[in-house]
Amino acid sequence: MFNQRIKVKQLLSGTATGTEVVVMGWVRTFRNNQFIALNDGSTNANIQIVASLGEFDEAILKRITTGASLKVNGTVVESLGKGQSVEVKASKIEILGDSDAEKFPLQPKKHSLEFLREKAHLRFRTNTFGSVFRIRHSLAFAVHQFYNDRGFVYLHTPIITSSDAEGAGEMFRVTTLPLEGAPKNEKGEIDYTQDFFGKGTNLTVSGQLEGELGAMAFSEIYTFGPTFRAENSNTTRHLAEFWMIEPEMAFHDIEDNMNLAEEFIKYLINYVLKNNADDIDFLDARLAEEEKQLPTEKRSGFGLKEKLEIVLSNNFERITYTEAIDILLNSPHYKKKKFQYEVKWGIDLQSEHERYLVEQHFKKPVIVTGYPAAIKAFYMRMNDGCEPGRETVAAMDILAPGIGEIVGGSQREERLDKLEARMKAMHIPLEDMSYYLDTRRFGTVPHAGFGLGFERMILFVTGMTNIRDVIPFARTPKNCEY
RNA sequence: UCCUCCUUAGCUCAGUUGGUUAGAGCACAUCACUGUUAAUGAUGGGGUCCUCCGUUCAAGUCGGAGAGGGGGAGCCA
């Protein structure tokens, strides 16, 4: 058995001096031909290995370079140096894997995130990405814990789908037909009846519709999986492949939906503050350092930890779309004509409008409800008693400082006649969606749900600003490395 | 897809009104030192100045096109 080692995190959290240990990890730096900073990914902290002068072959010491992997036998001792309380005095050092220091791209110095993005396979070995991806793991775990504790069933919705009615953007086609010389039908179109599934199929853009089918039996379900959008979006907030959490709840109205979403977000933040305190502290310090480089007017004014604690201790502001428009119209910003896009009832809120509401006006997360029906999806429930010409739906978006839309959800239209009318008006073929309409035909109930962009949540919690830095291997237009 | 900025050593960057042999720190090599904390000191090697085309006696520097990247916008999570 090889793995009889102690992890660095455990070793640093109070191993008695005098204990004989085996540690394994990768060299971060080798100082003074004596002191090895060894890291195994369990924490950003390194264990200092002391290779006392004269006790090791010159040939071995030569091979202890940044990036090399080591197995070290030694004794835990109180450190004589100042930077750490304990260290391991090595009795035996074995090189598991050499690392040519001239070619290894990571140096004991600050690298740009852009550079590390190109070295995505090695960036896990840096402090920043170590923290980010340990937090990503924790958040994923917390998602399951949150819903499991509340009796939700984790439903695996399909990744390959023949449904394209969601309309949430361009889809990636899934096919085994040859690109050249694909079979054609009489109309000269590609004949998908000869394709693998006998019809056209795509990668899913959302598990929501299937999620609704599950909620109509289990009462409460959630999905948590990858989704795919072939939109040519080149921003710090979009990926072609991203992960989404979509709970769907029977017997819930829009208010229940908001309550759950707010509770969920706070739960995730709280979980990470408790379980990843070191990583949050590191990212907090890193962000503070970055802020110092910025001109005063561009600084956010408070730290990462502070921001998360403010979110935890305040209720999310809840306003209607109509109120949001009024706030914008009465804002000094509007009166000074600083908005690039027109503000009037009926528009979709632009990024600049959302940012103003969240970052200038309320300075905390905001839930906007009751959007105009004309700009929202077919499955959202029509609000009753609307002014003619101002029909709204029971939609809700949660807007977060620095991120924008982090959650999008709605109460679903459970009334068959209204749903069918809406689908017809939006030219959605009812026959293709018969399975979906069955939930309204047989024991329909009020229900609601939302989607939380997992990577956007990670951005918020880590204070990172580019979504490509919070997913291990980012897929974006013109970029699919690894 | 649109707007905008950027691309100089392995990395982070400097490079004057266009002018001879393009610099610094880190990294790397050699030596010295040895309880260091991104160790330190000395010496040394290291360049398709993103690519192509053009202007000019002369282009890292000016112009055009292209590629890659950053930021913003649209779309959205």
Side-chain angles (χ1 to χ4, degrees), chain A residues 27-37 45-54 61-62 65-67 77-84 87 89 99-119 126-127 166-170 205-208 224 226-246 261 298 339-341 348-355 375-377 397-400 403-409 450-460 465-471 476-479 481:
Chain A
V27 176
R28 285 286 174 87
T29 64
F30 185 29
R31 288 184 291 267
N32 224 349
N33 221 21
Q34 256 186 100
F35 305 103
I36 305 163
N46 303 317
I47 180 70
Q48 172 155 292
I49 308 293
V50 182
S52 298
L53 285 173
L61 295 177
K62 276 268 177 207
T65 55
T66 302
V77 296
E78 210 169 303
S79 181
L80 299 172
K82 288 195 179 109
Q84 57 284 314
E87 60 196 20
K89 188 171 167 18
S99 172
D100 184 338
E102 198 155 7
K103 292 186 181 142
F104 186 62
L106 305 182
Q107 293 165 24
K109 61 171 272 189
K110 192 172 154 53
H111 291 287
S112 70
L113 296 177
E114 293 79 26
F115 170 72
L116 293 170
R117 215 171 282 152
E118 288 168 12
K119 304 271 178 284
T126 65
N127 286 334
E166 228 259 316
E170 294 295 309
V205 293
S206 161
Q208 182 203 314
F224 183 12
T227 46
F228 307 87
R229 308 255 169 113
E231 291 288 347
N232 188 15
S233 299
N234 293 287
T235 80
T236 54
R237 305 180 305 283
H238 290 85
L239 292 164
E241 176 182 300
F242 65 100
W243 287 63
M244 190 152 60
I245 297 127
E246 295 176 288
K298 286 207 171 168
F339 287 121
Q340 194 188 336
Y341 288 85
D348 205 353
L349 295 179
Q350 302 293 321
S351 290
E352 57 173 354
H353 305 142
E354 296 179 348
R355 291 186 80 108
I375 58 170
K376 288 291 180 181
D397 282 358
I398 301 185
L399 311 176
I403 314 286
E405 188 179 341
I406 193 165
V407 162
F450 62 85
L452 174 98
F454 189 50
E455 284 77 17
R456 288 191 183 173
M457 186 67 204
I458 303 171
L459 282 180
F460 188 71
T465 52
N466 192 318
I467 203 162
R468 293 159 202 183
D469 293 333
V470 298
I471 188 165
T476 54
K478 302 273 186 293
N479 176 22
E481 293 299 311

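Every chain is numbered from 1 and lettered A, B, ... according to where its sequence line falls, protein lines coming before strand lines.
- Side-chain to base pairing of A:H111 with B:rC11: no donor and acceptor N or O lie closer than 3.5 Å to each other.
- If A:N466 and A:D348 are placed on RNA chain B by their nearest nucleotide, the residue sitting closer to the 5' end is A:N466.
- The separation of B:rG44 from B:rG23, taken at their P atoms, amounts to 14 Å, rounded to a whole angstrom.
- The gap from the C1' atom of B:rG35 to that of B:rG68 amounts to 46 Å, rounded to the nearest Å.
- The interatomic distance linking A:N46 (CG) with B:rU36 (C1') rounds to 14 Å, in whole Å.
- Within the 4.0 Å cut-off from OP1 or OP2 of B:rG74, at least one side-chain nitrogen or oxygen of A:Q350 is found.
- For B:rG10, the base has a donor-acceptor partner in the side chain of A:Q107 [N/O atoms by modelled type, under 3.5 angstrom].
- Atom CD in A:E352 sits roughly 9 Å away from atom P in B:rA73 (whole-Å rounding).
- Candidate nucleotides B:rA39, B:rA73, B:rC11 were compared by shortest atom distance to the side chain of A:T29, and B:rA39 ranks first.
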What does the list of N/O pairs under 3.5 Å between the protein and nucleotides 28-33 of chain B look like, with a distance for each?
| unit_1 | atom_1 | unit_2 | atom_2 | d |
| --- | --- | --- | --- | --- |
| B:rC28 | O2' | A:E102 | OE1 | 3.1 |
| B:rC28 | O2' | A:E102 | OE2 | 3.4 |
| B:rU30 | OP2 | A:K62 | NZ | 3.1 |

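- Nucleotide B:rG69 holds its C1' atom 13 Å from the CG atom of A:D469, rounded to whole Å.
- Atom CZ in A:F242 sits roughly 16 Å away from atom P in B:rC75 (whole-Å rounding).
- Of the candidate nucleotides B:rA38, B:rC76, B:rG35, B:rC76 has the atom lying nearest to any side-chain atom of A:R229.
- In this structure, CD of A:Q34 is placed 16 Å from P of B:rU40, rounded to the nearest angstrom.
- Taking only side-chain atoms of A:R31, from C-beta outward, the nucleotide of B:rG35, B:rU37, B:rG70 with the closest atom is B:rU37.
- Going from the C1' atom of B:rG60 to that of B:rA9 covers 14 Å, rounded to whole Å.
- Between the CZ atom of A:F115 and the P atom of B:rU12 there is a distance of 6 Å, given to the nearest Å.
- Between the P atoms of B:rG70 and B:rC28, the separation comes to 28 Å (whole Å).
- Proximity note for A:Q48 (side chain, C-beta onward) versus B:rG35, B:rA73, B:rG70: the nearest is B:rG35.
- Taking only distance into account, the side chain of A:E87 meets the base of B:rG35 through a donor-acceptor pair shorter than 3.5 Å.
- Comparing atom distances between the A:T236 side chain and each of B:rG72, B:rU12, B:rC75 picks out B:rG72 as nearest.
- Rounded to whole Å, the separation between the C1' atoms of B:rC26 and B:rC62 comes to 33 Å.
- Using modelled atom types, one finds a donor on one side chain and an acceptor on the other under 3.5 Å when comparing A:T29 with A:R31.
- For B:rA38, neither phosphate oxygen OP1 nor OP2 lies less than 4.0 angstrom from any side-chain nitrogen or oxygen of A:N127.
- Between A:R117 and A:R355, it is A:R117 whose nearest contact on RNA chain B lies nearer the 5' terminus.
- Listed pair A:S233 / B:rU1 fails the phosphate criterion, with no side-chain N or O lying under 4.0 Å from OP1 or OP2.
- Distances from the side chain of A:Y341 to the nucleotides B:rA39, B:rG74, B:rG35 place B:rG74 closest.
- Checked against the 6.0 Å centroid criterion, the rings of A:F454 and A:F224 qualify as a close aromatic pair.
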